[in-house]
Amino acid sequence: MKMAVIGAGKWGQALYHAFSQDNDVVIYSRTPREIEHFVSLDEALEREYLVMAIPAQFVRKWMEEHFEDRGQKILVAAKGIETSTGAFLNEIYTQFVPEDRLAYISGPSFATEVQQSLPTALMISSTNLALAETFSAHLPSYIKGYVDDDVVGAEVSGAYKNVIAIASGVCDGLGLGNNARAALISRGLVEMARFGSTFGARTETFLSLGGAGDLFLTASSKLSRNYRVGLGLAEGKDMETILEELGEVAEGVPTARALHKIAQEKKIYLPIAEEVYAMIEEGKDPHESVHDLLG
Ligand SMILES: NC(=O)C1=CN([C@@H]2O[C@H](COP(=O)(O)OP(=O)(O)OC[C@H]3O[C@@H](n4cnc5c(N)ncnc54)[C@H](O)[C@@H]3O)[C@@H](O)[C@H]2O)C=CC1
Ligand SMILES: O=C(CO)COP(=O)(O)O
């Protein structure tokens, strides 16, 4: 399969490594990189299959400024909800490409482990199951693919788990123990599903690799950038310092802002996401947030 990965951050490079096992793959990013098969934007857009690994908050601008529809089939690899509009990624991408040419990859997948070819299982979701199957069939042997057609469920799962991961980092950073973290993750899963059902997601999707699977992974490991944001908040660091020290994207931060905006507009009860927002945006004391969540 002739593919191009667009976006050469950790995840773009990991997916480039993965798909390169059995396919003809090139990679492009706005910042030139010393990567084999690094190509120009035009060469990348010429490929029949694209993997879009641009972070969620930058997708709309990038598509407006650089994308040319040449009939490509697209695998969306970012996880997040656009802060400025509350739009899910499928709502953004479908403004540029018909939904039957869009698929979304989600599930428990630290880029560093995918880059090391460690065993991984992922979900590929599309309203066009044949397209999801095509991308799944071209994954390398060390990644087991599962296909599904609940795009909204996959997107909400992938975005929301990052916010719960921040809360989990706060919990562990405060030394509240395993019971507290397990309770937080469990209630976070319920909150994700409640939010997703508002937008037509299937509840069982939140029990899938893209839901519970990715949540368990991200909310329990220092490999997660979002979890590390939570550790920083627990240490009393301000967001500017946390993000500067992180040096990488933490999608849970802008997504928490988006969830707050949506929760206010649609009157949805999102207690954990709202506390993460209060800590991120209003500098709320994490001890107070925990007290209010347990209260
Ligand atoms: N790193 C991981 O383990 C995984 C990340 N993801 C998702 O992949 C997406 C990308 O994340 P990473 O590659 O990990 O981030 P990263 O922090 O490693 O890289 C971010 C990339 O985005 C680029 N970028 C920043 N601003 C941009 C803009 N305005 N326009 C275009 N490109 C811009 C940067 O140059 C950088 O290459 C995120 O949505 C993340 O949630 C999904 C699964 C695993
Ligand atoms: O999505 C991921 C793992 O599935 C990566 O999580 P972080 O963005 O928190 O590092």
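Just follow the structure's listing: the first ligand is 1, and inside any ligand the first atom is 1. Both backbone and side-chain heavy atoms feed into the values below; hydrogens, waters and symmetry mates do not.
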Non-hydrogen side-chain atoms of Ile262 and Phe199 separated by less than 4.5 Å:
yes
Are side-chain N/O atoms of Thr94 and Asn90 paired as donor and acceptor at under 3.5 Å?
no
Residues sharing Tyr269's hydrophobic cluster, by side-chain heavy-atom contacts under 4.5 Å among ILVMFWY, directly or via others?
none
Name the orientation class of the two ring planes belonging to Tyr49 and Phe135 (parallel below 30°, tilted from 30 to 60°, perpendicular beyond 60°).
perpendicular
As an exercise, state the distance from CD1 of Ile185 to CG of Leu215, rounded to the nearest 0.5 Å.
6.0 Å
Quick one: ring-ring contact (aromatic ring centres under 6.0 Å, His included) partners of His260, sequence neighbours excluded?
Tyr277
Salt-bridge present (Asp24, Arg47; N to O < 4.0 Å)
yes
For ligand 2, find each of its N or O atoms that sits under 3.5 Å from a protein N or O atom, and tabulate the pairs with distances to one decimal place.
unit_1   : atom_1 : unit_2 : atom_2 : d
ligand 2 : 1 (O)  : Lys79  : NZ     : 3.0
ligand 2 : 1 (O)  : Lys161 : NZ     : 2.6
ligand 2 : 4 (O)  : Lys79  : NZ     : 3.1
ligand 2 : 4 (O)  : Gly107 : O      : 3.2
ligand 2 : 4 (O)  : Ser109 : N      : 3.0
ligand 2 : 4 (O)  : Asp214 : OD1    : 2.6
ligand 2 : 6 (O)  : Lys161 : NZ     : 3.4
ligand 2 : 8 (O)  : Arg225 : NE     : 3.3
ligand 2 : 8 (O)  : Arg225 : NH2    : 3.1
ligand 2 : 8 (O)  : Asn226 : ND2    : 3.2
ligand 2 : 9 (O)  : Ser224 : OG     : 2.7
ligand 2 : 9 (O)  : Arg225 : N      : 3.3
ligand 2 : 9 (O)  : Asn226 : N      : 3.2
ligand 2 : 9 (O)  : Asn226 : ND2    : 2.8
ligand 2 : 10 (O) : Arg225 : N      : 2.9
ligand 2 : 10 (O) : Arg225 : NE     : 2.5

Side-chain H-bond candidate by donor/acceptor type, Thr255 with Asn162, under 3.5 Å
no
Measuring from Ser157:OG to Phe206:CZ, what's the distance to the nearest 0.5 Å?
4.5 Å
Sort out the contact shell of ligand 1: every protein residue with a heavy-atom distance below 4.0 Å, listed by chain and number.
Ala8, Gly9, Lys10, Trp11, Arg30, Arg33, Ala53, Pro55, Phe58, Ala77, Ala78, Lys79, Ser109, Phe110, Ala111, Arg225, Glu248, Val249, Glu251
